[in-house]
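First the structure, in the form of structure tokens, and then the observations on it.
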Amino acid sequence: MKVRDVMTSKVVRVQPATRLKDLARLLLERRISGVPVVNEDGNVVGVISEADLVAKQVGRPLSRRTMLDWILGERPSLWEQRTRTATTVAQAMTAPAITVDAD
């Protein structure tokens with residue numbers, strides 16, 4: 001089986017300047033949990049998901065390592081600090097994106 005056999009070919013995508021509120025609406029309307037982020041040339045530069053939005057809103061780290069740091073009172077990572085104040089996809093997305101070919 002190849003990726004081509006199970007992938008979605010008409011992918012919903014957003015640009016880095018997309019506001020997080022607009023992204024949240026898009027995820028709800030399309031009933032999806034994440035989207036690739038593309039630049040002006042259509043190249044994938046990152047990915048943003050519902051989990052990224054939850055991390056921003058909750059203000060707590062989601063990974064086990066950062067959760068343990070949080071419990072121990074360690075300072076939030078730069079990524080977490082940036083994510084908490086994010087208003088655009090570019091500020092909250094995971095980058096770089098890891099991509100694969102359809103074949």
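For residues 13-22, the set of pairs meeting the salt bridge (charged side-chain N to carboxylate O under 4.0 Å, His left out) definition, not counting sequence neighbours, comprises Arg19-Asp22, Asp22-Arg25. Under the salt bridge (charged side-chain N to carboxylate O under 4.0 Å, His left out) criterion, the residue pairs touching residues 86-103 are Arg4-Asp103, with sequence neighbours excluded.
Hydrophobic cluster of Val100: the remaining members, joined at side-chain heavy-atom separations below 4.5 Å, are Val3, Met7, listed by chain and number. Residues Val38 make up the rest of the hydrophobic cluster containing Val44, defined by ILVMFWY side-chain heavy atoms closer than 4.5 Å, directly or through other members.
Val47 places none of its side-chain heavy atoms less than 4.5 Å from the side chain of Asp52.
Partners of Asp41 according to the salt bridge (Lys or Arg N to Asp or Glu O under 4.0 Å) rule, which considers only residues two or more places apart in sequence or in another chain, do not exist here. For Val45, the side-chain contact (heavy atoms from CB on, under 4.5 Å) criterion is met by Pro16, Val37, Asn39, Met93, not counting sequence neighbours. When the side-chain contact (heavy atoms from CB on, under 4.5 Å) test is applied to Val12, the partners found at least two apart in sequence or on another chain are Leu26, Arg30, Ile32, Val35. When the side chain to side chain donor-acceptor pair (under 3.5 Å) test is applied to Thr88, the partners found at least two apart in sequence or on another chain are Gln91.
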List the steps, then state whether side-chain contact (heavy atoms from CB on, under 4.5 Å) holds for Ile48 with Thr18.
-> CA-CA 11 Å; Ile48 188 148; Thr18 303; over 6 Å; no
Go through the steps to decide whether Val14 and Val89 satisfy the test side-chain contact (heavy atoms from CB on, under 4.5 Å), and finish with yes or no.
-> CA-CA 8 Å; Val14 296; Val89 166; 4.1 Å; yes
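A donor-acceptor pair is defined here as one N or O able to donate and one able to accept, closer than 3.5 Å; such a pair exists between the side chain of Ser49 and the backbone of Ala51.
What you find for Gly34 and Leu27 is that their closest heavy atoms are N-CD2, 3.8 Å.
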